[in-house]
Amino acid sequence: MPLFDLPLAELHEYRPSLRRPDDFDAFWTDTLAEARAAAWSARTTRVDTGLRLVETWDLEFSGYGGHPIRAWVHVPAGTSGPLPTVVQFHGYSGGRGLPWQDHTYAEAGHVQIVMDARGQGWTTLNDTSDPAAEAGQTTIPGVMTRGIRDPHDYYYRRVFTDAAMLVDAARTLPWVDPARVAVAGISQGGGIAIAAAALSEGLAGALVDVPFLCHFERALEITDGMPYAEILTYLSTYRDRADEVARTLSYVDGANLAARADAPVLFSTGLRDITCPPSTVFAAYNAWGGDDRDIVVYPYNAHEGGGEHHVPLRLAFLERVFGA
């Protein structure tokens with residue numbers, strides 16, 4: 001894929017005018033208040049994975065609407081005291097996977113919590129349903145248009161609330177140091193990490209790689225790649241719904257949510273990424289509410305971004321923000 005977006009110098013200065021509803025902050029304050037009012041105590045069950053260096057628990061916690069959401073909790077074996085913790089979110093169509101997969105942060109000495117995104121899991125194992133999905137609504141296959149006619153019904157309102165509620169639940173676990181919690185994710189997971197950072201207080205940091213769900217209006221103009229194409233397909237069929245769709249998406253836009261986040265953050269992007277175009281990533285990065293922010297740019301890469309080469313940078317960032 002050739003370079004197709006703005007030049008890098010312009011990306012660093014890219015601060016678009018965004019559609020931001022007047023009740024944006026009230027919408028999220030009320031949403032979280034409702035979820036916390038309905039919340040119940042998290043439950044954990046030990047899982048025998050056959051591994052000796054990492055211990056795993058199956059976590060069930062209270063998400064949006066009090067719905068049960070699942071996550072894995074991976075803890076360095078033999079840990080007796082609270083540890084810094086990474087709450088991790090997965091990419092589009094996936095799930096938390098199997099309990100013996102992906103222990104990088106736990107192997108680095110941190111508690112690692114991996115959340116299911118409700119109602120996904122058509123490419124990776126997922127154990128969480130979406131009880132609030134509206135039966136009979138017209139949607140395009142996938143979840144991008146689920147409830148898209150009203151922000152109160154929209155799928156990502158529920159997922160972003162789940163993410164913030166997981167940060168709450170994580171801080172109650174005996175292995176977790178509540179003052180040293182970071183969030184992390186790639187692609188959809190990066191978009192969810194932005195939301196979790198925006199909707200949670202006192203986070204130690206955020207790792208946001210090639211994030212999806214940012215600056216929707218720009219994305220729909222310059223890419224027809226999936227999963228944004230689900231929205232394009234919907235609008236090509238329901239031609240009279242563009243305004244209400246744009247209004248709904250503005251409530252979950254990572255570029256709007258980023259302005260609420262103030263934790264230290266490390267972003268990354270690939271300049272040839274047609275799935276999550278770099279201008280959409282920079283829109284969120286440049287809007288970030290805190291001053292401690294950095295972005296790593298991979299000029300020759302697409303949606304894979306830095307891939308495994310980026311892992312040491314993530315771990316170094318965590319060492320810095322978690323401290324001793």
Side-chain angles (χ1 to χ4, degrees), residues 4-5 16-32 34-35 63-65 67 91-93 117-122 129-163 187-188 190-192 194-195 198-199 211-260 273-277 279-281 283-284 287 303:
F4 69 100
D5 208 337
S17 176
L18 300 170
R19 179 193 295 250
R20 191 178 190 277
D22 291 339
D23 65 341
F24 181 84
D25 289 320
F27 174 87
W28 283 112
T29 297
D30 293 347
T31 296
L32 291 174
E34 291 171 10
Y64 172 90
H67 300 156
Y92 190 74
S93 80
R118 56 170 65 217
Q120 295 190 29
W122 56 92
S129 64
D130 183 13
E134 295 290 334
Q137 276 198 351
T138 301
T139 63
I140 302 302
V143 298
M144 293 301 298
T145 61
R146 188 178 291 176
I148 201 167
R149 301 192 67 183
D150 188 310
H152 293 87
D153 298 332
Y154 191 45
Y155 172 78
Y156 281 104
R157 180 193 184 212
R158 300 191 289 277
V159 173
F160 289 178
T161 303
D162 295 342
S187 191
Q188 174 188 252
I192 299 173
I194 291 172
L199 302 176
F212 181 44
L213 308 168
C214 297
H215 196 5
F216 285 96
E217 291 184 72
R218 172 74 173 170
L220 297 178
E221 287 176 353
I222 67 172
T223 183
D224 58 1
M226 292 292 285
Y228 285 118
E230 292 178 27
I231 300 172
L232 294 173
T233 300
Y234 181 89
L235 291 174
S236 73
T237 303
Y238 297 95
R239 297 165 174 82
D240 60 340
R241 297 181 183 176
D243 285 343
E244 64 184 7
V245 165
R247 176 177 178 269
T248 292
L249 295 176
S250 69
Y251 286 91
V252 298
D253 194 319
N256 281 332
L257 284 158
R260 290 175 52 113
D273 187 350
I274 63 170
T275 303
C276 298
S279 57
T280 69
V281 175
H303 195 50

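Quick note: residue numbers are just sequence positions, from 1.
Taking the six-membered ring where the residue is Trp, His67 and Tyr64 present perpendicular rings, their angle passing 60° and hence far from 30°.
With 3.5 Å as the limit, one finds no donor-acceptor pair spanning the side chains of Tyr251 and Asn256. A donor-acceptor pair shorter than 3.5 Å can be found between the side chains of Tyr92 and Glu230.
Looking at every heavy atom in both residues, Ile194 comes nearest to Gly254 through CG2-O, 3.6 Å. Considering all non-hydrogen atoms of both residues, Arg118 and Ser129 come closest at CB-O, 3.3 Å. Of all heavy-atom pairs spanning Ile222 and Ser279, the tightest one is CD1-OG, 3.7 Å. Here the closest non-hydrogen pair linking Arg149 and Tyr234 is CG-OH, 3.5 Å. When every heavy atom of Ala35 is checked against every heavy atom of Gly63, the shortest pair comes out as CB-O, 4.3 Å. In this structure, His215 and Pro16 approach most closely via the heavy-atom pair NE2-CG, 3.4 Å.
Within the 3.5 Å criterion, the main-chain N or O of Ala26 finds no donor-acceptor partner in the side chain of Thr29.
Residues forming a salt bridge (Lys or Arg N to Asp or Glu O under 4.0 Å) with Asp5 (at least two apart in sequence, or on another chain): Arg218.
Two residues are said to be in side-chain contact when any heavy atoms from C-beta on lie closer than 4.5 Å; Thr275 and Thr223 fail this criterion. With a 4.5 Å cut-off on side-chain heavy atoms, Ile192 and Val159 count as touching. For the pair Pro277/Phe4, a side-chain contact is recorded, criterion being any heavy-atom separation below 4.5 Å from C-beta on. Contact check for Tyr156 versus Val143: side-chain heavy atoms found under the 4.5 Å cut-off. Pro21 places none of its side-chain heavy atoms less than 4.5 Å from the side chain of Arg247. A 4.5 Å side-chain heavy-atom check between Leu213 and Leu257 finds every atom pair outside the cut-off. Phe212 is not listed as a side-chain neighbour of His303, based on a closest heavy-atom distance of 4.5 Å or more.
Asp240 CG to Leu235 CG: the interatomic distance, rounded to the nearest 0.5 Å, is 10.0 Å. Rounded to the nearest 0.5 Å, atoms OG1 (Thr145) and CG (Leu232) are 11.5 Å apart. With rounding to the nearest 0.5 angstrom, the CG atom of Asp153 is 7.5 Å from the CZ atom of Arg158. Going from atom CD of Glu34 over to atom CG of Leu32 covers 9.5 Å, rounded to the nearest 0.5 Å. For the atom pair CG of Asp162 and CG of Asp130, the computed distance is 8.5 Å after rounding to the nearest 0.5 Å. The structure places CD of Glu217 at 8.0 Å from CG of Asp253, a figure rounded to the nearest 0.5 Å.
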For this session: Could you check Cys276 against Ser187 for side chain to side chain contact (heavy atoms under 4.5 Å, CB included), going step by step and ending with a plain yes or no?
Result: CA-CA 7 Å; Cys276 298; Ser187 191; 4.3 Å; yes

Exercise. Thr161 and Leu199: side chain to side chain contact (heavy atoms under 4.5 Å, CB included), yes or no, with the steps?
Worked result: CA-CA 8 Å; Thr161 303; Leu199 302 176; 5.6 Å; no

Exercise. Would Val245 and Phe216 satisfy side chain to side chain contact (heavy atoms under 4.5 Å, CB included), going step by step from the backbone distance to the final call?
Worked result: CA-CA 10 Å; Val245 165; Phe216 285 96; over 6 Å; no

Problem set entry | Chi angles and distances behind the side chain to side chain contact (heavy atoms under 4.5 Å, CB included) call for Gln120, Tyr155 | CA-CA 11 Å; Gln120 295 190 29; Tyr155 172 78; 3.0 Å; yes

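In this structure, Arg157 is positioned above the aromatic face of Phe27, its NZ or CZ under 6.0 Å from the six-membered ring centre and within 45° of the axis.
With respect to Arg260 and Asp25, a salt bridge is recorded, a charged nitrogen being found less than 4.0 Å from a carboxylate O.
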